[in-house]
Amino acid sequence: MIVGVQPLAGFDKLLHYKVPEHLRAEIHRGSLVRVPILNRPQVGLVLEADTIADVPVERLKNILEVMQDYPALTPDLLALAKWMHVYYAARMESVLEAMIPAAVRDGTRLKEERFLGLARPATPDELVALKKKAPQQARVAEFLAQQFQLVKKSLLLSRLGVTAAVVTALVKRGLVREEVRHVERVAYADNWSGGEVVTGLPPKLNPEQTAVVDSVGESLTKGKFAVHLLHGVTGSGKTEVYLRAVEQVLAAGGSAIYLVPEVALTPQTVSRLRGRFEAAGHQTVVWHSHLGEGERLDGWTALASGKARVVVGARSAIFAPVRDLRLIVVDEEHEPAYKQDETPRYHGRDVAVYRAKLAGATCLLGSATPSLESFANVKSGKYRLDVLTKRVDDKKMPDIQIVDMRIEVMRQRGLVTLSRLLVNHMQARFERREQTILFINRRGYSSSMQCRKCGHVEQCPHCSVAMTYHRADETLKCHLCGHQRGSPAVCPSCAAPDIRWRGLGTQRVEEAVRRVLPRARMERMDTDTMSKKHRFREILSEFRAGKIDVLIGTQMIGKGLDFPNVTLVGLVDADLSMHVPDFRANERTFQLLVQVAGRAGRGDRSGEVVVQTFTPKADAIQYAKRADFDGFAEVELGVRKQFQYPPYRHLIHHLFRGKNPEKIKFYAEHWVKQVEKALGSAVEMRGPTPSPIEKVKDEYRYQIWYFCARATKVVPELVRLQAEMKWPDDVTQILDVDAMSLM
DNA sequence: GTCATTGTAACA
DNA sequence: GTTACAATGACT
């Protein structure tokens with residue numbers, strides 16, 4: 001018998017092996033095996049059992065060992081792996097590594113990273129000789145001499161465009177030393193695992209909840225693939241609906257996966273789940289990235305053997321090897337934490353939907369602020385919508401007010417940081433001893449230029465993105481194409497003289513607050529002041545204890561935290577992130593606001609949200625033109641990290657590192673097809689072009705540009721509607737399709 | 001001609 | 001990822 005094996009040894013190719021007689025019985029598709037590669041034993045996964053090799057049989061070697069007596073991946077997980085491989089254009093190997101925990105792969109080398117450093121400084125003579133004889137080695141040596149720390153080997157190789165042979169030669173020469181570090185994830189003390197398990201009688205359902213439970217229950221009974229989007233306002237008892245659905249599945253003998261965005265941030269949910277299921281005698285596996293090797297192995301085997309039938313966990317729990325999967329719950333489906341930010345760059349929610357499809361299971365997505373793409377899928381009939389409009393505690397929804405800052409500017413004259421409405425609200429809160437949060441959604445970019453009177457933003461004539469103001473030389477630059485011009489003295493649109501750069505930092509807001517509330521205790525939280533980690537926690541606990549009246553900060557404030565005494569949330573400058581063509585950032589900001597405010601409010605009084613903007617009702621279509629496509633922006637993100645690229649340049653880089661022009665072209669065309677399929681529109685491919693970024697040999701590098709209609713500017717209005725659970729029709733027309741060709 | 005350096009392809 | 005080998009170039 002011959003099997004096809006994907007080795008986990010650093011390259012992506014299916015290799016064939018012979019199976020010796022005594023291993024026949026235990027080898028299956030999905031089995032982990034040890035195979036000889038270049039005469040060394042390596043771990044691999046059987047993708048094809050009983051196939052024909054494409055090389056002569058006499059060249060085949062034998063499988064050395066079958067590592068477990070059960071397959072590491074079930075057929076549906078194998079199918080999922082293959083889909084991810086194509087859909088996310090990730091190497092099969094990295095997909096498998098993401099799916100199978102290292103503890104299970106046992107014997108696989110612990111994840112190693114190789115670092116390089118200078119062993120001793122090169123003498124001047126030596127350097128001259130090197131430059132002449134081995135120029136590549138000289139480059140590496142010079143580069144290393146400039147570094148303060150050890151450099152990752154793989155990074156250096158791709159940065160300098162040299163091969164491993166060069167480094168090997170240097171090491172042999174004794175100039176460079178190579179150090180191997182084992183990357184060990186440090187498990188932090190988590191306060192929830194093991195700890196208190198909440199038990200209690202299940203609460204009674206209200207009529208709305210009952211209707212949703214029935215709706216989901218119907219899909220579960222049918223046993224066919226279905227996706228439900230549960231749109232329930234904050235505090236409407238979504239969790240209870242999830243619990244009932246899981247209970248139904250367990251009662252019928254099936255298994256369920258319950259995903260939460262970040263386990264560490266949702267300890268209550270986890271303990272509530274465990275309380276309910278374990279009281280009923282169902283072992284519940286908790287799965288997240290901070291587990292120790294042992295715990296991980298235990299959880300995995302419990303699920304694979306069918307001993308446990310429920311798993312609660314973050315992103316990667318979607319790969320749990322459960323038997324007879326009937327239900328996948330994705331709580332807070334809009335959360336960006338579901339996105340993996342290293343390869344394979346998958347989206348936990350989308351993988352959940354696809355896995356449910358493969359398994360013929362029900363997928364239940366839930367959120368108070370569903371993502372636009374999920375809503376689009378409801379509109380197109382792919383998902384079924386269930387709603388919960390009432391809070392279980394009968395508290396009212398937060399009141400969202402949008403302030404037109406252009407009017408404020410006219411009234412107050414000059415630079416306005418805080419509108420009068422916001423100031424009044426803050427003062428009232430201070431007098432009542434209640435707390436306020438001010439959001440500043442500043443991102444790490446320089447400012448754009450915006451007219452204080454009409455809200456005009458100067459755009460690049462070629463690229464239709466906001467130009468960036470550079471104070472040093474008084475110019476506007478386009479980060480996309482490099483177009484540059486002097487900054488105008490008056491507004492190009494309405495000729496008002498008061499066009500100025502905007503960069504509303506936390507400091508400026510702090511000053512403004514101090515002016516209107518001199519006696520308030522206030523604290524600022526941003527990346528500048530938060531260099532020390534414990535300070536972050538400190539401030540949060542002080543805030544919770546009521547020692548701070550006003551908290552000013554960026555998104556980091558909102559991280560899944562409850563502040564019961566906060567009754568006012570202000571978004572100081574809604575436009576700031578608007579000109580960054582990363583719609584996710586905008587959407588996220590507003591979702592945070594609604595959620596923080598949704599939990600706020602004392603007694604029966606609801607919290608309030610004030611959004612300050614210069615463009616309260618911007619034309620959605622106009623702004624949609626320069627919007628962004630998220631699915632593949634994942635790739636772009638990697639590029640940005642490496643090369644500090646502006647966010648809107650979608651340069652697919654990591655696929656093109658190779659130097660074979662045919663291969664590169666193939667990949668480029670592959671991407672174009674994927675993107676076109678997803679967008680349903682043509683995509684422009686430019687290339688091959690030399691890269692402007694690095695002095696790497698870049699004759700063959702393609703740039704793929706794609707723009708997709710997506711609401712950017714319309715968000716303030718949209719979020720207000722979202723909070724009221726209304727969805728304007730025109731918004732869905734300008735959505736992108738994030739969950740693209742899923743079905 | 002030899003030897004070192006470097007790039008490339010293959011790993012069954 | 002690692003290794004074997006082929007291509008290139010420097011030097012005697």
Side-chain angles (χ1 to χ4, degrees), chain A residues 1-20 23 27 31 33-65 90-97 102 105 107-116 122 126-141 143 152-158 160-176 178-183 343 654 656-664 696-700:
Chain A
M1 185 165 76
I2 292 163
V3 289
V5 174
Q6 166 63 56
L8 305 179
F11 63 96
D12 215 34
K13 200 186 173 212
L14 192 73
L15 303 180
H16 292 97
Y17 290 87
K18 285 185 290 191
V19 183
L23 294 177
I27 200 162
S31 291
V33 290
R34 229 181 278 281
V35 290
I37 287 174
L38 295 167
N39 294 321
R40 305 158 84 93
Q42 300 275 2
V43 175
L45 191 103
V46 179
L47 292 188
E48 294 169 7
D50 213 358
T51 51
I52 318 153
D54 46 13
V55 290
V57 187
E58 54 273 19
R59 275 182 58 199
L60 298 188
K61 293 184 181 166
N62 271 332
I63 295 271
L64 298 175
E65 182 196 353
R91 292 159 56 206
M92 193 56 174
E93 188 197 18
S94 62
V95 173
L96 295 176
E97 275 178 353
R105 297 197 302 256
T108 330
R109 69 248 175 268
L110 279 172
K111 202 171 175 189
E112 282 178 358
E113 279 182 340
R114 281 158 191 271
F115 286 85
L116 299 175
E126 215 173 1
L127 211 60
V128 173
L130 255 189
K131 264 191 184 150
K132 216 168 133 208
K133 254 173 57 191
Q136 298 297 68
Q137 292 182 32
R139 276 180 65 210
V140 173
F143 178 81
K152 221 162 133 182
K153 187 178 176 184
S154 54
L155 200 90
L156 179 135
L157 294 184
S158 65
L160 296 182
V162 294
T163 58
V166 179
V167 173
T168 320
L170 270 172
V171 173
K172 227 165 119 192
R173 205 182 285 274
L175 263 175
V176 168
E178 195 173 302
E179 197 171 297
V180 183
R181 284 189 197 163
H182 295 276
V183 203
T343 41
H654 74 287
F656 306 150
R657 223 176 263 157
K659 299 202 169 87
N660 176 355
E662 286 304 308
K663 217 172 180 175
I664 294 167
V696 191
K697 295 167 190 164
D698 270 336
E699 305 86 87
Y700 300 107

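Just so we're on the same page: letters track the sequence lines, and every chain starts at 1.
Phosphate contact (OP1/OP2 of B/dT5, side-chain N/O of A/R173, threshold under 4.0 Å): present. In this model, the phosphate group of B/dG7 is approached by a side-chain N or O of A/T163 to a distance below 4.0 Å at OP1 or OP2.
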Check the interface with nucleotides 10-12 of chain B: list each N/O to N/O pair with the protein under 3.5 Å, or write none.
{"unit_1": "B/dC11", "atom_1": "OP1", "unit_2": "A/R59", "atom_2": "NH2", "d": "2.4"}
{"unit_1": "B/dA12", "atom_1": "OP1", "unit_2": "A/L38", "atom_2": "N", "d": "3.4"}
{"unit_1": "B/dA12", "atom_1": "OP1", "unit_2": "A/K61", "atom_2": "NZ", "d": "2.9"}
{"unit_1": "B/dA12", "atom_1": "O3'", "unit_2": "A/H16", "atom_2": "O", "d": "3.3"}
{"unit_1": "B/dA12", "atom_1": "O3'", "unit_2": "A/K61", "atom_2": "N", "d": "2.4"}
{"unit_1": "B/dA12", "atom_1": "N6", "unit_2": "A/K13", "atom_2": "NZ", "d": "2.9"}
{"unit_1": "B/dA12", "atom_1": "N1", "unit_2": "A/D54", "atom_2": "OD1", "d": "3.2"}
{"unit_1": "B/dA12", "atom_1": "N3", "unit_2": "A/H16", "atom_2": "N", "d": "3.0"}

Provide a list of protein-nucleic acid N or O atom pairs under 3.5 angstrom, restricted to nucleotides 8-12 of chain C.
none

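Contacts classified as side-chain hydrogen bond (donor to acceptor under 3.5 Å, both in side chains) and involving residues 50-65 of chain A (residues at least two apart or in different chains) are given here: A/R34-A/E65, A/N39-A/K61.
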Only pairs under 3.5 Å count here: list side-chain donor-acceptor contacts from residues 3-19 of chain A, not counting sequence neighbours, and write none if there are none.
{"unit_1": "A/Q6", "atom_1": "NE2", "unit_2": "A/F11", "atom_2": "O", "d": "3.2"}
{"unit_1": "A/D12", "atom_1": "OD1", "unit_2": "A/M92", "atom_2": "N", "d": "3.2"}
{"unit_1": "A/D12", "atom_1": "OD1", "unit_2": "A/E93", "atom_2": "N", "d": "3.0"}
{"unit_1": "A/D12", "atom_1": "OD2", "unit_2": "A/M92", "atom_2": "N", "d": "3.1"}
{"unit_1": "A/Y17", "atom_1": "OH", "unit_2": "A/P36", "atom_2": "O", "d": "2.8"}

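Under the salt bridge (charged side-chain N to carboxylate O under 4.0 Å, His left out) criterion, A/E48 pairs with no residue at all, not counting sequence neighbours. Applying the side chain to side chain contact (heavy atoms under 4.5 Å, CB included) criterion to A/T163, with sequence neighbours excluded, gives A/A165, A/V166. Among residues two or more places apart in sequence or in another chain, the side chain to side chain contact (heavy atoms under 4.5 Å, CB included) test is passed with A/V171 by A/V167, A/V176, A/E178. Residues passing the salt bridge (charged side-chain N to carboxylate O under 4.0 Å, His left out) test with A/K133: none are found, sequence neighbours excluded. Under the rule for a side chain to side chain contact (heavy atoms under 4.5 Å, CB included), A/P135 has no partner lying at least two apart in sequence or in another chain.
Within the 4.0 angstrom heavy-atom criterion, no nucleotide atom of any strand lies near A/P56. Residue A/A169 is out of contact with every strand shown, counting any heavy-atom pair closer than 4.0 Å.
Whole-Å rounding puts the A/Q136 CD to B/dA4 C1' distance at 14 Å. A straight line from CD of A/E178 to C1' of C/dT2 spans 12 Å, rounded to a whole angstrom.
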### Task
Could you walk me through whether A/V43 and A/V33 pass side chain to side chain contact (heavy atoms under 4.5 Å, CB included), step by step?
CA-CA 6 Å; A/V43 175; A/V33 290; over 6 Å; no
